[in-house]
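Have a look at the structure below before the remarks.
Indexing begins at 1, ligand by ligand and atom by atom, following the structure's order.
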Amino acid sequence: MSHLANRNILLGVTGGIAAYKSADLVRRLQDAGANVRVAMTHGATQFVAPLTFQALSGNPVHTELLDPGAEAGMGHIELAKWADLLLIAPASADFMAQLAHGMGANLLATVCLATTAPIAIAPAMNQAMWSNAATQANKEVLINRGIHQFGPGAGSQACGDIGEGRMLEATELVALCSPLFAKKTLSGKHLVITAGPTREALDPIRYISNNSSGKMGFALAQQARLAGAEVTLIAGPVQLDTPWGCKRIDVTSADDMFEAAILNAKKADIFIATAAVADYKALEIADQKIKKSTNELTLSLTKNPDIVAAVGNSKHRPFTVGFAAETQDVISYAQDKLKKKNLDMIVANDVSRSDIGFNSDKNAVTLISADQQITLDIDSKMNIAQKIIALIASRLAL
Ligand code: PMT
């Protein structure tokens, strides 16, 4: 369900190759029922012609700050007043810097200064520009000022680099904008969530781990925050930016994650265990690098503590949600875990599939509780997360 129906969204497009994705974004926002107008920087017009956005949005595109024609109609103040949301996608490093410093050198920057509507940015740039200290400092300024930041995602980039800096897909951005207009169903609630893998050291340079990217857990954290919750995200080693408005605690091993989870779950209303915690760790971690002196090597492993079971069985337990990563008999194994770990809900996913689950942008899940079973077909992890959070909120409201 989208909350964008009849909302006025001013899409700000700044200069970057990701501007081509914004053409699709216009359509996806309109599909969700929004009225869309587009303002472009001059840089953006070098990548995509304003005519493209005019044809897609059905409205004139705004590019000039000092435009006598526009000032009589949709000038910067009128645009600022018209918008219910300003979505800057892509937001370039340069535009983030302008925004952080309150500059008004072009139409879009001026509208950002003049509006009282919420502003959301979807950064898109080369990975080195994203990790540059100046961009990171600007990002902090903008987040502290209440500007929503959606993404960036990680992956291969137009310039050939690999890393963080990709603009989120149009459907993901729509899934992130919609909750901005929704009732804050988790307002006043504290949600603690684990995400990503754990690493269990064998010696100073080697470890046991798995392919969890953290995407599912980070999407849930972001959707819970947008639903009004205070969110503590306990993250294993992943390459993802902290979701907007969430408090993040970085951990490495299952023992570290256990300690952080137990401490924070005591104050939580909701606990979600998305992390792919390593089931076993080395009985002893070698002080020095293990030498390959024999043809065979036997490792002695011991079980890690079960984090979600410990939370589920604690005295003042929060509403506790686990995930079940299965490769066969998905539903029945998930039902077993629901009971054994004393959970309120379990989210089952089939991790034998390559199009969903571990390290994919998509998932397909079945939500199982004692009295209910709901299947969510394949969709972006952001959309799946929005639906899981909505269901948890509805269970808490009962
Ligand atoms: O991170 P992504 O790339 O986005 O991938 C998402 C995902 C596939 C990792 C996610 O959707 C998922 O399925 N997470 C659970 C992974 C897992 O370890 O499942 P499990 O069936 O082995 O464990 C069941 C539950 O117990 C999970 O909630 C797990 O977090 C929890 N657990 C397991 C072991 C342990 N020692 N402590 C735990 O808390």
Side-chain angles (χ1 to χ4, degrees), residues 153-155 172 192-200 208-223 233-240 243 251 253-262 264-265 270-281 301-314 317-368 376 378-385 387-388:
E172 292 181 291
V192 175
I193 180 164
T194 65
T198 64
R199 274 184 195 168
E200 311 303 324
I208 302 170
S209 192
N210 58 65
N211 283 331
S212 170
S213 62
K215 286 176 190 171
M216 190 68 244
F218 276 52
L220 282 160
Q222 182 65 100
Q223 287 295 341
L233 169 61
I234 302 169
V238 295
Q239 301 294 315
L240 296 176
V251 295
S253 68
D255 282 331
D256 299 341
M257 190 175 271
F258 181 83
E259 197 183 314
I262 297 302
N264 285 281
I270 306 159
F271 181 80
I272 307 180
T274 325
V277 185
D279 289 325
Y280 291 91
K281 63 183 169 191
L301 303 177
T302 182
K303 243 186 179 173
N304 267 321
D306 193 315
I307 301 167
V308 76
V311 173
N313 286 301
S314 60
R317 64 193 290 283
F319 186 89
T320 309
V321 181
F323 267 67
E326 308 296 345
T327 54
Q328 56 175 337
D329 300 329
V330 177
I331 302 300
S332 64
Y333 279 131
Q335 282 165 335
D336 283 352
K337 285 178 182 169
L338 178 77
K339 286 194 203 110
K340 277 192 190 137
K341 295 179 189 244
N342 200 28
L343 310 176
D344 296 291
M345 189 187 290
I346 194 154
V347 183
N349 46 191
D350 182 345
V351 291
S352 67
R353 286 170 58 176
S354 59
D355 58 337
I356 60 167
F358 280 96
N359 205 12
S360 161
D361 288 334
K362 296 192 169 176
N363 214 351
V365 299
T366 303
L367 284 73
I368 305 168
L376 303 178
I378 186 164
D379 204 342
S380 71
K381 283 184 175 168
M382 199 55 79
N383 276 334
I384 295 276
K387 290 175 184 155
I388 294 174

Check the surroundings of atom CD in Glu326: do more than 12 heavy atoms from other residues, nucleotides or ligands lie under 6.0 Å from it?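 Count over threshold, so yes.
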Could you list which atoms of ligand 1 come closer than 4.0 Å to a heavy atom of [X]?
X	value
Gly322	28 (O)
Ser212	1 (O), 2 (P), 3 (O), 9 (C)
Asp279	34 (C)
Thr274	9 (C), 10 (C), 12 (C), 14 (N), 15 (C)
Met216	4 (O), 6 (C), 11 (O)
Lys215	1 (O), 2 (P), 4 (O)
Ala273	27 (C), 28 (O), 30 (O)
Val308	26 (O), 31 (C), 38 (C), 39 (O)

Minimum side-chain heavy-atom gap Leu220-Ile388 below 4.5 Å: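 The answer is yes, as the side chains (C-beta and beyond) meet within the 4.5 Å cut-off.
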N or O contact, [X] vs ligand 1, cut-off under 3.5 Å:
X	value
Ala278	no
Ala325	yes
Asn359	yes
Asn304	no
Lys381	yes
Gly214	yes
Ala309	no

Protein contact of [atom] - nearest heavy atom, named by residue and atom, plus distance:
atom	answer
atom 37 (N) of ligand 1	Ile307 N, 3.1 Å
atom 21 (O) of ligand 1	Lys337 NZ, 2.5 Å
atom 30 (O) of ligand 1	Ala275 O, 2.6 Å
atom 36 (N) of ligand 1	Pro305 O, 2.9 Å
atom 18 (O) of ligand 1	Ala276 CA, 3.4 Å
atom 13 (O) of ligand 1	Asn349 ND2, 2.9 Å
atom 23 (O) of ligand 1	Phe323 O, 3.8 Å
atom 2 (P) of ligand 1	Ser213 OG, 3.3 Å

With a 4.0 Å cut-off on heavy atoms, is [X] in contact with ligand 1?
X	answer
Ala324	yes
Lys341	yes
Gly357	yes

Test side-chain contact (heavy atoms from CB on, under 4.5 Å) applied to Ile208 and Leu301, step by step: CA-CA 10 Å; Ile208 302 170; Leu301 303 177; 3.7 Å; yes
Drop me the distance from Phe323's CZ to Met345's CE, to the nearest 0.5 angstrom.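 Between Phe323 CZ and Met345 CE, I get 10.5 Å after rounding to 0.5 Å.
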Non-hydrogen atoms of [X] and [Y] that approach each other most closely:
X	Y	result
Lys337	Ile346	CB-CD1, 3.6 Å
Ala265	Pro318	O-CG, 4.0 Å
Ala278	Glu200	CB-CG, 3.5 Å
Thr198	Ala254	CB-N, 3.7 Å

Salt bridge or not between Asp361 and Lys215? Use side-chain N to carboxylate O under 4.0 Å.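 Lys215 and Asp361: salt-bridged.
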Classify the contact between Asn363 and ligand 1 as side chain, backbone, both or neither, using a heavy-atom distance cut-off of under 4.0 Å.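 Asn363 to ligand 1: side-chain contact only, backbone stays beyond 4.0 Å.
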What part of Val365, side chain, backbone, both or neither, has a heavy atom within less than 4.0 angstrom of ligand 1?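 Neither part.
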